[in-house]
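Before any comments, here is the structure.
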Amino acid sequence: MKEERESKITELIARCLEAASEGEGDAAIDSVRAEHPELVEEVLAGLRVAGRMPGFAGQQPDDVSAVGRLLSDRYRVTRRIGAGAMGIVYEADDLELGRKVAIKVLRTGLFERGEALQRFEREATALASIDHDAVVRIYDRGVTEEGSPILVMEYIDGASCADVLERAALLGEESHGTAWLTEHFGLRDIREEDFLRLCVRWAASLAGGLGAAHAAGVFHRDVKPSNVMIRRDGRAVLLDFGISVRADHATLTLGGSTVGTPAYMAPEAAFGKVKAQSSVDVYGLSATLYHMLTSSPPYVGNATEVMAAVATREPVPARRLRPGLPRDTAAILEHGLERQPSARYQTAHELEDDLRAFLAYRTVSVRPTSAFTRLARQARRSRLVQGATLAALLFGLIWGGILWQRHAASARAERFAAADAYPAVPPNLGVVSKVNRRVRDPELQAEIERTLDRVVVTRHRPVTAYLLRGAFRWDHGDRDGAARDFASLADAAGTEYSKSLAQLYADATRLPAGEDMELELTSLPDPDSDEDRYVAAYHLMRAGQSEGAEALLAAANLEGNRHAQEFQALFGFSEINALLRQEPVDEDALYAVSEALALRIIRMEEADGYRTATSYSLLGTHRLRQNRYPDALELCEKGLELCPSAWVLRINAASAASELGRHELAAHHAREGLRFRPGFHKFSISLYEAEARAGNFDAARLAIEEGTWTDTGATPLDAIQALGWVQLEEAIQFIQKDPERARASATAAMATVAELPGERPGRQRIESRAQAILDGDVEQLRKVLLGELLESPTSLSRLDVLRETWPDCMEEGELKLLGAWFEQLYLELSRPTRASAAVK
């Protein structure tokens with residue numbers, strides 16, 4: 001029963017993902033709710049995991065409908081034709097040339113925008129380089145008012161080949177003629193009276209189109225019936241070059257996933273990286289022709305079942321599914337579907353030549369596979385044949401295979417469960433300063449422990465699971481629970497270091513209750529395995545010895561250990577911080593180090609197939625350091641969906657929102673942070689800054705008064721400086737609207753910061769600005785504020801402050817124009833950088 005349930009869940013997840021790629025994800029999920037309500041939660045959990053995998057294209061919201069709109073001042077959109085993972089396709093009228101066109105509008109879905117743009121550009125470039133009647137033509141390109149790229153293509157009036165084959169399967173033997181194509185699909189000028197010959201003619205034409213594409217250096221990589229249209233005049237045309245690639249580009253994998261559709265995918269493309277080559281498209285077209293002639297693709301089932309079949313067996317011989325199929329046609333299919341690329345047609349033109357030879361009743365160049373050859377191939381892949389007379393060996397092989405399958409299934413289940421549980425683990429768990437480790441809100445503390453329990457239950461990477469939960473329990477006063485977890489860690493690792501560490505925790509349970517202590521790590525033996533070095537580095541980081549921790553991680557092989565890799569990536573920011581402290585800052589070196597770090601994080605995600613709250617935090621921090629505030633805010637808020645208690649994500653989200661001038665949102669994130677970290681000074685700072693910039697000065701003062709400035713890394717002097725800053729902000733905001741109030745606030749700011757040490761930079765900055773206001777030297781103040789804006793040109797918040805100082809002689813229209821200019825600058829600077837766009 002359990003196996004049947006898991007198989008059904010897998011099938012339903014695959015069905016939903018496939019439907020989502022065609023824009024029908026909601027309908028598929030509704031179908032699951034209606035037909036299998038008892039499995040809905042498991043299916044939705046699986047879809048959530050798939051949604052975090054960069055290689056999956058899944059359900060996405062529709063963009064704003066383009067129907068009725070005029071695009072590029074030329075194309076009037078009349079109706080929506082369809083949608084997929086890459087874009088929405090519309091029918092439109094070309095008002096200049098008086099013809100119908102098809103327009104594809106980009107939408108990103110679960111793809112990162114940079115990756116989606118790359119695929120879109122790749123399709124445009126590919127189509128522009130091919131000139132063949134069997135390949136859809138591109139006419140134009142442009143962008144919508146919202147900035148989404150569009151492709152204007154030849155409008156194909158006809159029917160999808162996939163729909164034609166679905167109808168043929170329903171008709172059965174009645175489909176052997178061709179009159180039904182006119183009746184059901186309105187196709188005309190069908191010269192063939194036999195559907196078999198018509199399919200071969202379509203395949204020959206498509207082979208010619210692929211040959212033209214290959215000659216232009218373009219490989220389609222996803223030839224299948226749904227990417228073929230049949231025109232009204234009965235001619236076939238190939239569509240959708242969205243995942244095409246040029247001959248000198250990457251291999252046939254993308255983002256850690258396979259490229260193409262499993263039922264029509266060449267074995268070498270499904271199970272390994274292979275340079276783009278024509279034999280892959282030959283296989284896809286041969287598989288499509290197989291479907292045309294047998295009413296079934298070469299392999300059937302869900303994605304997992306199909307991939308397993310591709311790995312272990314050849315397709316059912318076409319003549320077995322369609323008795324009476326001409327031997328030459330069967331020979332062409334078998335040759336095009338050869339598992340070894342070298343045994344296949346080497347070019348699309350070779351396949352086309354044989355198809356046209358069949359149509360002209362000439363001899364084709366290949367012969368059908370004999371029964372003996374087929375049996376020999378099966379024998380080469382069958383351990384049964386090799387050892388049939390050795391019963392004991394046979395039993396061992398069978399039983400070993402069963403155990404291996406069970407082990408593989410268990411490992412897959414553990415990875416799947418970990419992919420659902422581990423992403424919710426809070427970033428930097430246990431390695432921040434001692435005062436910042438404890439979650440004070442009881443509900444959030446319990447939520448984190450439940451997350452860590454789920455990570456432990458997965459049994460995937462037990463050393464990491466017990467390390468994280470044990471440290472969390474220790475930080476929250478559960479010494480017995482921590483000791484049990486480190487004992488389990490020692491059992492999993494089995495090393496002298498881990499056993500000594502477990503004993504250290506066990507001994508600590510006998511210390512007086514309530515004593516806040518750090519473990520004495522110097523008594524431990526040297527770590528001598530990669531996992532030992534990882535565990536030791538984690539404890540050194542907890543003790544504030546970051547240099548020693550970084551050195552230990554650098555000496556360890558961290559492959560496959562996601563937490564260790566994320567932990568190590570934290571040290572990448574120390575190099576960035578060092579560069580930022582230099583005078584002057586080496587911008588080129590900073591850019592190179594920063595982008596290398598981003599690339600490293602993204603490659604780590606691609607290897608595992610999912611994002612975590614920690615990787616969202618790492619990338620969000622990276623984007624924040626680059627002043628790319630929209631990206632930073634989006635990444636942090638996505639991370640918070642996984643882990644609402646992640647205070648690092650809250651801090652960064654509040655900072656990004658504040659820089660974008662979204663003060664209400666910044667205040668929201670600060671308040672949420674204070675809910676589980678009461679009085680934490682960083683949230684208090686975010687809150688009073690957000691309230692002050694929004695003009696809520698009383699609320700800003702209250703945030704300072706209620707903040708804790710003594711036990712969270714801050715001091716009472718920070719509270720004094722904060723009040724002075726709020727008073728200065730009030731003075732700047734009223735400098736034009738109420739000069740008397742501005743002077744009073746500037747005077748108050750001067751009096752407040754007089755309590756600070758004279759050498760404190762914060763005092764000097766506030767005093768210089770307040771004095772400029774008291775002296776009436778607004779021009780000097782404006783220059784200072786302009787300098788701050790130039791340091792962070794994408795900060796709309798700083799622009800708003802600057803605008804308060806602008807002279808009265810500037811009209812409102814001029815101010816709006818200035819604001820629009822800065823807004824455009826901000827949008828340009830917030831676009832993906834070169835390296836980050838390349839890796840998405």
Q: Decide yes or no on side-chain contact (heavy atoms from CB on, under 4.5 Å) for Leu665 and Leu660, but give the supporting numbers first.
A: CA-CA 10 Å; Leu665 180 61; Leu660 291 171; over 6 Å; no

Q: Show the numbers, then the answer: is there a side-chain contact (heavy atoms from CB on, under 4.5 Å) between Asp480 and Asp478?
A: CA-CA 6 Å; Asp480 290 334; Asp478 183 5; 4.2 Å; yes

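Side chain of Arg763 to main chain of Gln721: no donor-acceptor pair is present (N/O by atom type, distance under 3.5 Å, no hydrogens or angles). Side-chain atoms of Ser655 come within 3.5 Å of backbone atoms of Ile651 as a donor-acceptor pair (strictly under, hydrogens ignored). A donor-acceptor contact shorter than 3.5 Å links the side chain of Arg437 to the backbone of Arg542. Within the 3.5 Å criterion, the main-chain N or O of Glu496 finds a donor-acceptor partner in the side chain of Ser500.
His539 and Tyr505 have perpendicular rings, their planes meeting at more than 60° on a 0 to 90° scale where under 30° would count as parallel.
Rounding to the nearest 0.5 Å places OG of Ser658 at 6.0 Å from CD of Glu689. From Leu635, atom CG reaches atom CG of Leu624 across 10.5 Å, with rounding to the nearest 0.5 Å. With rounding to the nearest 0.5 angstrom, the CG atom of Leu642 is 8.5 Å from the OG atom of Ser615. Distance check, rounded to the nearest 0.5 Å: CG of Leu618 to OG1 of Thr614 gives 6.5 Å. Rounded to the nearest 0.5 Å, atoms CD1 (Ile766) and CG (Leu756) are 7.0 Å apart. A distance of 4.0 Å separates CG of Asn561 from OG1 of Thr464, quoted to the nearest 0.5 Å.
The existence of a salt bridge linking Glu449 and Arg473 is confirmed by a sub-4.0 Å separation between a basic side-chain nitrogen and an acidic carboxylate oxygen. With respect to the salt-bridge test (charged N to carboxylate O, under 4.0 angstrom), the residues Asp718 and Arg760 qualify. A salt bridge between Asp453 and Arg450 is absent, with no side-chain N of the basic residue lying under 4.0 Å from a carboxylate O of the acidic one. Under the 4.0 Å criterion applied to side-chain N and carboxylate O atoms, Glu705 and Arg701 are not assigned as salt-bridge partners.
Counting only heavy atoms from C-beta outward, the side chains of Val455 and Leu468 never approach each other to under 4.5 Å. Side-chain contact check for Thr451 versus Val425: some heavy-atom pair is nearer than 4.5 Å. Put simply, the side chain of Phe472 reaches to within 4.5 Å of the side chain of Gln445, judged on heavy atoms. Proximity of Leu521 to Gln545: side-chain heavy atoms (C-beta onward) are nowhere separated by under 4.5 Å. Residues Met541 and Phe567 are in side-chain contact: their nearest non-hydrogen atoms beyond the backbone lie under 4.5 Å apart. Under the 4.5 Å side-chain criterion, counting only non-hydrogen atoms from C-beta, Met604 is in contact with Ile601. Between Pro644 and Glu447, the closest side-chain pair of non-hydrogen atoms falls below 4.5 Å. Residues Leu467 and Phe486 have side chains in contact (heavy-atom distance under 4.5 Å, counting atoms from C-beta outward).
Between the side chains of Tyr422 and His563, not a single donor N or O lies within less than 3.5 Å of an accepting N or O.
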